[in-house]
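Keep in mind that this is a model prediction, so the values were computed, not measured.
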Amino acid sequence: MKKIISLTLVLMLVLSIAVFASADDSKLILGTSADYPPFEFMYLDENNEMVYGGIDVSAAGYIAEQMNRELVVENMSFDYLLVALSKGDYDIVMAAIEDTPERENAADFSDPYYTDIPAMIVARKVDADQYKTLKDFSGKVVGAHTATTKEDIVRDDMEGAELVSIQNVNDLINQLVYNKLDAVVLDGAVATSFVEANSDLVIVDASSELGEAAPYCVAVAKGDPKGLLPGINEAIAKMLEEKVMDGFVEAANAINDAGEAIEVSVDAPEEG
C-alpha cells in the first residue's frame with residue numbers, strides 16, 4: 001500500500017500549504033480531495049518539499065495559467081467540497097467529479113476536460129473467482145467513496161448488495177484488505193492504482209458490466225457568481241486542442257507508479 005500520513009501530520013501539511021480563499025482575483029483557489037491517485041495526491045518534489053500533484057492538479061494549473069492567475073490548492077474531504085464551494089471557500093473544485101443532475105443543484109459545471117477508463121470493482125484476489133457477474137454481489141458488503149457516483153453503482157447495478165459508504169478512500173481499501181468489505185467500487189484509474197500497489201487485490205470480471213465512464217468537469221459555485229466559466233471553458237478547449245492532458249496523465253502515473261504519491265485525507269469540518 002502507498003504511504004498514509006497521520007491525521008496530525010495531515011493537519012500540519014494543510015496549514016503550511018493551503019492558502020485560504022480571498023477576493024484576490026490574481027489567484028485561482030482549487031478545492032480537491034488529495035487521497036485519489038492518480039488524479040490528486042501529494043508528493044515530495046525535487047526540493048524535498050511536500051506539494052500537490054496529479055492529473056486534476058496539473059489541469060487546474062494549466063487553467064489558472066491561461067486565466068493569468070496563480071493556482072492555490074486546498075485539501076478537503078470529497079463529500080464536503082461542493083458545500084465549501086457554495087460558501088465561497090474555493091473558486092473551483094476538481095476532484096475527478098462528474099456533472100450529475102443532483103450536483104447541478106449545488107454547482108455549475110464546465111465543459112468536460114477528461115474521461116477516465118470505466119469504473120471497476122476491486123476484491124481480494126482469493127475471492128475473485130466468485131464475482132463473475134454483478135448478480136454475484138447479492139448479499140455481499142460493497143464499499144464506495146461517500147458522495148460519489150460509485151455509491152449509485154452499488155445501489156442501482158449491484159442488486160442485493162449492501163452499500164457501505166466511507167469518506168476516506170484509504171479506509172475503503174483497508175477495510176477490504178482486512179475482510180470487513182467484500183468489494184469496493186472505484187473510478188477505473190484509481191482502482192488500477194490501488195491494485196498495482198497491493199498484490200492481494202484484483203479487479204474482478206464483473207467490472208465489465210459497469211458501462212462507460214462519465215467525463216470529469218470543473219465545478220464552480222451555482223450561478224457562477226465570479227464569472228469564471230467562460231475563461232475555464234476557453235482554457236479547457238485550448239488544453240484539449242494542444243493535447244497536453246496526455247502529458248499530465250503520464251506525469252501523474254509516473255509519480256504514482258514509483259510509489260511516491262501520498263494519499264492525504266482531511267475530514268470535513270464539524271458543524272457548529
Side-chain angles (χ1 to χ4, degrees), residues 1-22 24 26-78 81 84 89-97 113-114 116 168-170 173 186-187 189-198 216 218 232 235-236 238-240 242-267:
M1 289 294 296
K2 303 267 195 309
K3 296 161 280 186
I4 302 174
I5 293 184
S6 68
L7 179 59
T8 301
L9 182 53
V10 166
L11 293 175
M12 291 172 62
L13 285 167
V14 170
L15 289 173
S16 64
I17 296 176
V19 178
F20 291 100
S22 71
D24 184 357
S26 69
K27 293 179 169 58
L28 188 69
I29 313 298
L30 166 67
T32 195
S33 181
D35 61 348
Y36 216 59
F39 294 99
E40 32 269 332
F41 52 80
M42 298 190 77
Y43 69 101
L44 289 172
D45 68 5
E46 62 275 10
N47 298 317
N48 207 35
E49 295 179 353
M50 190 67 70
V51 297
Y52 289 99
I55 297 169
D56 286 342
V57 175
S58 294
Y62 181 95
I63 291 170
E65 182 179 1
Q66 294 300 310
M67 297 175 72
N68 295 313
R69 295 184 179 220
E70 175 190 355
L71 181 69
V72 178
V73 183
E74 293 192 18
N75 191 17
M76 176 53 63
S77 168
F78 181 86
L81 283 172
D89 293 346
Y90 313 135
D91 295 320
I92 62 173
V93 162
M94 295 175 70
I97 191 168
Y113 65 88
Y114 184 73
D116 190 14
N168 182 304
V169 178
N170 294 308
I173 296 297
L186 296 167
D187 285 303
V190 179
T192 301
S193 171
F194 279 105
V195 167
E196 289 177 348
N198 192 321
Y216 299 145
V218 181
I232 292 171
I236 289 173
K238 185 175 181 181
M239 182 167 61
L240 297 179
E242 294 179 346
K243 302 185 186 307
V244 295
M245 282 297 296
D246 294 342
F248 298 159
V249 172
E250 182 178 352
N253 285 335
I255 294 171
N256 193 40
D257 293 345
E260 297 172 359
I262 301 172
E263 297 98 34
V264 181
S265 300
V266 178
D267 292 336

Could you walk me through whether Y113 and M245 pass side chain to side chain contact (heavy atoms under 4.5 Å, CB included), step by step?
CA-CA 8 Å; Y113 65 88; M245 282 297 296; 4.3 Å; yes
Do [X] and [Y] make a side-chain contact, defined as non-hydrogen atoms from C-beta onward lying under 4.5 Å apart?
{"X": "D257", "Y": "E196", "result": "yes"}
{"X": "V264", "Y": "F41", "result": "no"}
{"X": "I262", "Y": "M50", "result": "yes"}
{"X": "E74", "Y": "I29", "result": "yes"}
{"X": "T192", "Y": "V195", "result": "no"}
{"X": "V57", "Y": "F248", "result": "no"}
{"X": "S33", "Y": "L81", "result": "yes"}
{"X": "M94", "Y": "I92", "result": "yes"}

Can you name the closest pair of heavy atoms from [X] and [Y] and give their distance?
{"X": "D35", "Y": "E263", "answer": "CA-CB, 3.8 Å"}
{"X": "Q66", "Y": "A235", "answer": "CB-CB, 3.7 Å"}
{"X": "P38", "Y": "V190", "answer": "CD-N, 4.2 Å"}

Approximate separation, where rounding is to 0.5 Å, of [X] [atom1] and [Y] [atom2]:
{"X": "K238", "Y": "E65", "atom1": "NZ", "atom2": "CD", "result": "8.5 Å"}
{"X": "D187", "Y": "I97", "atom1": "CG", "atom2": "CD1", "result": "11.0 Å"}
{"X": "N253", "Y": "I55", "atom1": "CG", "atom2": "CD1", "result": "5.5 Å"}

Yes or no on side chain to side chain contact (heavy atoms under 4.5 Å, CB included) for I173 and L186, after CA distance, side-chain angles and deciding distance?
CA-CA 10 Å; I173 296 297; L186 296 167; 4.0 Å; yes
If we ignore hydrogens and angles and just use 3.5 Å, is the side chain of [X] paired with the main-chain N or O of [Y] as donor and acceptor?
{"X": "D45", "Y": "N48", "value": "yes"}
{"X": "N75", "Y": "A34", "value": "yes"}
{"X": "S58", "Y": "G54", "value": "yes"}
{"X": "N198", "Y": "F194", "value": "no"}

If you measure only the distance, is there a donor-acceptor pair under 3.5 Å linking the side chains of N170 and Y36?
no
Between the side chains of N256 and Y43, is a donor N or O closer than 3.5 angstrom to an acceptor N or O?
no
Above 12 or not: heavy atoms from other molecules or residues under 6.0 Å from CD of E242?
yes
Using 30° and 60° as the class boundaries, would you call the ring planes of Y216 and F39 parallel, tilted or perpendicular?
perpendicular
For side chain to side chain contact (heavy atoms under 4.5 Å, CB included), just list the numbers for Y90 and L30, CA-CA rounded to whole Å, side-chain angles, deciding distance to a tenth of an Å, and then say yes or no.
CA-CA 6 Å; Y90 313 135; L30 166 67; over 6 Å; no
Any chance you could lay out the side chain to side chain contact (heavy atoms under 4.5 Å, CB included) test for T32 and V93, step after step, and finish with the verdict?
CA-CA 6 Å; T32 195; V93 162; over 6 Å; no
